[in-house]
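Inspection log for the structure reproduced underneath, given as structure tokens.
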2 protein chains.
Amino acid sequence: MPYEEILDRFKAQLKIMGLKVTRERVIILEEVMKRKDHFDADQFAADLSVGGVKVSRATVYRTLDILHDMKIVHKTTLGHKHQHYENMVDRAHHDHLVCLKCDKVVEFLEPRIEELQEKVCLDHGFVIKDHSLQLFGICGDCTDDDAEANN
Amino acid sequence: MPYEEILDRFKAQLKIMGLKVTRERVIILEEVMKRKDHFDADQFAADLSVGGVKVSRATVYRTLDILHDMKIVHKTTLGHKHQHYENMVDRAHHDHLVCLKCDKVVEFLEPRIEELQEKVCLDHGFVIKDHSLQLFGICGDCTDDDAEANN
DNA sequence: CTTTGTGCAAAGCGTTTGCAGAGTG
DNA sequence: CACTCTGCAAACGCTTTGCACAAAG
């Protein structure tokens, strides 16, 4: 989806929600669209200011929340004390594999796990709304390191 | 496993770790053993003091960490900003289903999900060490409420 | 008697919020 | 103009920590 289209969609949704289109909100949307990685709000704000753009941390948090409500951004906990955000435009749901040594994050989708989750919920009389799955391990590169270290 | 046995194991492990057996640590172990639910450190400390036992919050956090290292206690994030602890003595690994309305927590174990997780890791060259899976939904009781509310 | 533990209160850390002035529609 | 936003700094909620005194081995 081209940036122009997202921007229009963003503006339209803001209007629907009774919110205003501000310089800061557009800047943040633009920066989010550049990101393909998993980022945290604080670092995001820092990067903006390094780029010479001044937007306060508070506004970053507030705007990422709006983008989350609009499903433009997804929030995950990847085993750290802070939240990670990721741009979800043109992207399907997925879960994460996190390396405990180098913090590398790999995305994956395993439909059979999703199905089984549905089944578990059904069996317990729950209507599933969401789930959170992270696998923690040691990635290939870091396992190699281990091998070397043991020589 | 009888309490006496756990206590002995606790004392032995403390010794191995070069730590001392203190009144507070024993009190906390005892209280943990009484718990079958998912609790947070703060509430745990509060309950102790209601029970007339004085142990500081700091010591509760410090001791729960030790118990976690000893695998006597397990730490999970159930979608709140604080950690939940649970007594793992005589209990097998399991994941959690959380009701978004009433916060009810149901434990489940789906071996096929565990297997698929292994497979996903393998496929990505990871050695799995741990995982975190929470399903969020609306439980049977709360779905009923919805139905009533819509009448 | 040496070493570790405890309580307290303060600090940390990510995140949220109240407020006064700035900007949008 | 009326109303929402922003930036700031202070507040927050959970957790950790420095320190002086207490207790364990």
Side-chain angles (χ1 to χ4, degrees), chain A residues 7-8 10-31 38-49 52-70 73-86 103, chain B residues 7-8 10-31 38-49 52-70 73-86 103:
Chain A
L7 183 58
D8 287 347
F10 182 52
K11 288 182 180 173
Q13 295 238 50
L14 284 175
K15 189 159 292 176
I16 291 168
M17 298 165 87
L19 302 175
K20 295 181 174 177
V21 176
T22 65
R23 186 190 82 99
E24 289 79 1
R25 286 177 181 162
V26 173
I27 287 173
I28 291 169
L29 173 71
E30 191 180 359
E31 178 67 21
H38 306 82
F39 56 91
D40 62 89
D42 227 50
Q43 183 210 324
F44 183 90
D47 290 353
L48 275 181
S49 82
V53 188
K54 280 180 224 107
V55 180
S56 73
R57 223 190 307 276
T59 298
V60 167
Y61 276 103
R62 288 188 276 232
T63 306
L64 287 175
D65 263 356
I66 297 173
L67 290 169
H68 182 240
D69 288 346
M70 294 181 179
V73 135
H74 188 256
K75 257 182 182 170
T76 340
T77 303
L78 295 178
H80 297 275
K81 59 191 69 176
H82 54 77
Q83 288 284 321
H84 281 91
Y85 297 83
E86 59 185 323
D103 282 327
Chain B
L7 182 58
D8 287 346
F10 182 52
K11 288 182 179 173
Q13 296 238 50
L14 283 174
K15 189 159 292 178
I16 292 168
M17 297 164 88
L19 302 176
K20 295 180 176 177
V21 176
T22 66
R23 187 189 82 99
E24 290 78 2
R25 285 177 181 162
V26 172
I27 287 173
I28 291 169
L29 173 71
E30 192 180 359
E31 178 66 21
H38 306 81
F39 57 91
D40 63 89
D42 227 48
Q43 184 210 322
F44 183 88
D47 289 354
L48 275 181
S49 81
V53 188
K54 280 180 223 106
V55 179
S56 73
R57 221 192 309 278
T59 298
V60 167
Y61 276 104
R62 288 188 276 230
T63 306
L64 287 175
D65 263 356
I66 296 173
L67 290 169
H68 182 240
D69 288 346
M70 294 182 181
V73 136
H74 189 257
K75 257 182 182 171
T76 340
T77 304
L78 296 178
H80 298 274
K81 60 190 69 176
H82 54 78
Q83 288 285 319
H84 280 91
Y85 296 84
E86 58 185 323
D103 282 326

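Below, chain A is the first sequence line, B the second, and so on; all start at residue 1. Because the structure is a prediction, the values reported are computed rather than measured.
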Output the rounded distance in Å from [atom1] ([X]) to [atom2] ([N]).
| X | N | atom1 | atom2 | answer |
| --- | --- | --- | --- | --- |
| B:Lys81 | C:dG12 | NZ | C1' | 16 Å |
| B:Phe44 | D:dC14 | CZ | P | 17 Å |
| B:Asp42 | D:dG13 | CG | P | 11 Å |
| A:His82 | D:dT15 | NE2 | C1' | 15 Å |

Closest nucleotide of DNA chain D for A:Thr59 versus for B:Ala58: which of these residues is on the 5' side?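 Looking at the nearest nucleotide for each, A:Thr59 comes out on the 5' side.
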Just verifying a value: how many Å separate B:Leu64 CG and B:Phe39 CZ, rounded to the nearest 0.5 Å?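 Answer rounded to 0.5 Å: 5.5 Å.
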A:Leu19 or B:Leu19: which one's nearest nucleotide on DNA chain C is closer to the 5' end?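 The answer here is B:Leu19.
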Does [X] have a side-chain nitrogen or oxygen under 4.0 Å from the phosphate oxygens OP1 or OP2 of [N]?
| X | N | result |
| --- | --- | --- |
| A:Arg25 | D:dC5 | yes |
| B:Thr22 | D:dA23 | no |
| B:Tyr61 | D:dT15 | yes |

Any ion pair linking B:Asp65 and B:Lys75 (charged N to carboxylate O, less than 4.0 Å)?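 So B:Lys75 pairs with B:Asp65 through a salt bridge.
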Side chain of B:Lys20: nearest nucleotide among D:dC14, D:dG25, D:dC5?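 Nearest listed nucleotide: D:dG25.
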Side chain of B:Ala41 - closest among D:dT15, C:dT6, C:dG18: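 Closest nucleotide to the B:Ala41 side chain: D:dT15.
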Indicate the ring-plane relationship of A:His84 and A:His38, choosing parallel, tilted or perpendicular according to the 30° and 60° boundaries.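 Taking A:His38 first and then A:His84, their aromatic rings stand perpendicular (interplane angle over 60°).
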Counting N and O atoms only, with roles assigned by atom type, does the side chain of B:Arg25 sit under 3.5 Å from a partner on the main chain of B:Lys20, one being a donor and the other an acceptor?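 Yes: the side chain of B:Arg25 pairs with the backbone of B:Lys20.
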Mark yes or no for a side-chain to base donor-acceptor pair under 3.5 Å between A:Arg57 and C:dG14, with no hydrogen or angle criteria applied.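 Absent.
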Any N/O donor-acceptor pair, B:Arg62 side-chain to C:dG7 base, under 3.5 Å: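 It does, because a donor-acceptor pair links the side chain of B:Arg62 to the base of C:dG7 below 3.5 Å.
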